[in-house]
Colleague: 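I'd like to ask some things about the structure below.
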Amino acid sequence: MADGEPTAQTTKPKTKGTWKRKSLARRQWDAREWLERIVPPERITDDRVGQLAEVVDRYRPGTKYQIIADAMVRNNEVPTIEKVAARYESRKNAWLRRNAKTSSVDISPAAVDQLAVMIRASWKRRGHGATWSEIRAAMH
C-alpha cells in the first residue's frame with residue numbers, strides 16, 4: 001500500500017430505508033383474514049374489507065395497539081391510527097388514575113377525638129354515620 005491510502009475499506013452505514021406499502025389486493029386479503037379471525041362470517045362484507053384494507057398493516061401483532069384495533073374491529077369500528085392512539089392514551093391515563101399513590105392524611109389526636117364525637121352523635125341522632133361532606137367540613 002502506498003502512503004496516504006486508507007488501510008481499511010470504509011463502508012456506508014446501513015439505513016432502514018423507506019417503508020413500502022403492500023398492494024391493495026394484498027391489504028384486502030389481509031383485511032379479510034383479520035375479519036375472519038375476529039368476527040362471525042355473516043358480518044364480513046366487501047365494504048367492510050375495503051374499509052379495513054386502509055389500516056390493516058398499521059399495527060404490529062401482539063402490541064397494545066393491535067389489541068385495541070382488534071377490539072374496535074369487533075365493535076364494527078374502523079381503527080384509524082388517530083382513534084387507536086387516543087384510546088390507548090385514554091386507557092393509560094385511566095390506569096394511572098386507578099394506580100396513583102395516595103398520600104395519607106396526618107390527623108392530630110385532638111382532630112381524631114373531635115371526629116369520633118361527631119360520628120357517635122350522628123349515629124345516635126340519625127342511625128348512621130356522618131356524611132363525607134360533614135367530615136370534610138369538620139376537618140376544614
Side-chain angles (χ1 to χ4, degrees):
M1 280 194 236
D3 288 333
E5 289 183 23
T7 56
Q9 185 179 8
T10 58
T11 58
K12 190 175 181 181
K14 292 183 180 181
T15 60
K16 286 186 173 184
T18 59
W19 177 67
K20 186 174 179 185
R21 190 137 195 220
K22 296 178 184 177
S23 69
L24 178 61
R26 179 61 191 178
R27 284 183 283 137
Q28 287 174 333
W29 177 268
D30 289 347
R32 189 170 293 280
E33 285 183 342
W34 192 9
L35 283 169
E36 288 172 353
R37 183 172 47 92
I38 294 177
V39 299
E42 60 271 5
R43 287 182 50 197
I44 300 173
T45 63
D46 289 336
D47 290 339
R48 186 80 174 124
V49 169
Q51 289 174 335
L52 290 179
E54 294 301 317
V55 295
V56 72
D57 54 355
R58 299 292 190 209
Y59 312 105
R60 279 192 226 149
T63 61
K64 292 182 181 189
Y65 289 108
Q66 179 67 45
I67 293 168
I68 292 169
D70 286 349
M72 292 176 80
V73 169
R74 263 187 230 101
N75 291 328
N76 207 24
E77 297 177 65
V78 178
T80 62
I81 292 171
E82 294 82 15
K83 287 181 183 178
V84 172
R87 196 160 296 178
Y88 174 77
E89 283 297 316
S90 173
R91 288 180 180 185
K92 184 175 84 171
N93 290 336
W95 184 88
L96 289 172
R97 282 191 306 273
R98 278 192 313 270
N99 296 313
K101 295 193 183 234
T102 56
S103 60
S104 59
V105 178
D106 291 331
I107 302 175
S108 66
V112 170
D113 292 339
Q114 178 188 0
L115 286 172
V117 168
M118 183 185 76
I119 292 170
R120 263 189 243 108
S122 175
W123 272 102
K124 282 182 182 176
R125 192 174 63 249
R126 299 184 293 195
H128 59 80
T131 63
W132 285 112
S133 59
E134 291 171 340
I135 292 172
R136 183 175 53 239
M139 293 180 66
H140 306 291

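Quick caveat: nothing in here was measured; it's all calculated off a predicted structure.
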Colleague: Between Thr80 (side chain) and Val55 (backbone), is there a donor-acceptor pair under 3.5 Å?
Modeller: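 Flag not set: sc Thr80 to bb Val55 has no pair under 3.5 Å.
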Colleague: Would a hydrophobic clustering, with Ile, Leu, Val, Met, Phe, Trp and Tyr connected at side-chain separations under 4.5 Å, put Trp132 with Leu115?
Modeller: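 Per the 4.5 Å side-chain linkage, Trp132 and Leu115 are co-clustered.
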Colleague: How about Tyr59 and Ile81: do any of their side-chain heavy atoms sit closer than 4.5 Å?
Modeller: yes
Colleague: Write down the atom of Val78, the atom of Lys83, and the distance for their closest heavy-atom approach.
Modeller: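 Heavy atoms of Val78 and Lys83 come nearest at O-CD, 3.7 Å.
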Colleague: Would a hydrophobic clustering, with Ile, Leu, Val, Met, Phe, Trp and Tyr connected at side-chain separations under 4.5 Å, put Ile107 with Ile135?
Modeller: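 Same cluster.
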Colleague: Is a donor from one side chain sitting under 3.5 angstrom from an acceptor on the other, for Asp70 and Gln66?
Modeller: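 Yes, Gln66 and Asp70 have a side-chain donor paired with an acceptor closer than 3.5 Å.
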Colleague: Which atom pair, heavy atoms only, marks the closest approach of Val56 to Ala31?
Modeller: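 Closest pair (atom of Val56, atom of Ala31, distance): CG2-N, 3.6 Å.
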Colleague: Applying side chain to side chain contact (heavy atoms under 4.5 Å, CB included), can you list everything that pairs with Glu77, at least two apart in sequence or on another chain?
Modeller: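 Counting only residues at least two positions away or on another chain, Glu77 forms a side chain to side chain contact (heavy atoms under 4.5 Å, CB included) with Met72, Asn75, Arg87.
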Colleague: Name all residues meeting the salt bridge (charged side-chain N to carboxylate O under 4.0 Å, His left out) criterion together with Arg48; count only those two or more places apart in sequence or in a different chain, and write none if there are none.
Modeller: none
Colleague: Side-chain heavy atoms under 4.5 Å apart, restricted to Ile/Leu/Val/Met/Phe/Trp/Tyr: what other residues fall into the cluster of Leu96, or is it alone?
Modeller: Trp95
Colleague: Just so I know, are the side chains of Arg91 and Lys64 near enough to count as touching, which here means a heavy-atom distance under 4.5 Å?
Modeller: no
Colleague: Taking the side chain as every heavy atom from C-beta outward, state whether Tyr65 and Arg60 have any atom pair closer than 4.5 Å.
Modeller: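 No, too far: nothing below the 4.5 Å cut-off.
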Colleague: With a 4.5 Å heavy-atom cut-off, do Ile68 and Pro79 have their side chains touching?
Modeller: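 The answer is no; the side chains never approach within 4.5 Å.
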Colleague: Can you tell me how far apart CH2 (Trp34) and CD1 (Ile38) are? Round to the nearest 0.5 Å.
Modeller: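 Answer for the CH2-CD1 pair, Trp34 versus Ile38, is 6.5 Å.
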Colleague: Taking the basic N atoms (NZ, or NE/NH1/NH2) and the acidic carboxylate oxygens, is any pair closer than 4.0 Å for Glu134 and Arg125?
Modeller: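 So Glu134 does not pair with Arg125 through a salt bridge.
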Colleague: Say you draw a straight line from CG of Leu24 to CH2 of Trp29; how long is it, rounded to the nearest 0.5 Å?
Modeller: 14.5 Å
Colleague: Got a salt bridge between Asp57 and Arg26, using NZ or NE/NH1/NH2 to carboxylate O under 4.0 Å?
Modeller: no
Colleague: Can you tell me how far CD of Glu36 sits from CZ of Arg32, rounded to the nearest 0.5 angstrom?
Modeller: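 Here the interatomic distance stands at 6.5 Å.
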Colleague: If you compare all heavy atoms of Ala138 against all heavy atoms of Gln114, which two are closest, and at what distance to 0.1 Å?
Modeller: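 Nearest heavy atoms, Ala138 then Gln114: O-NE2, 4.1 Å.
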Colleague: With side chains defined as the heavy atoms from C-beta onward, is the minimum distance between Leu35 and Leu52 less than 4.5 Å?
Modeller: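 Touching, per the 4.5 Å side-chain cut-off.
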Colleague: If I take atom NE2 from residue His128 and atom CD1 from residue Ile119, how far apart are they, to the nearest 0.5 angstrom?
Modeller: 12.5 Å
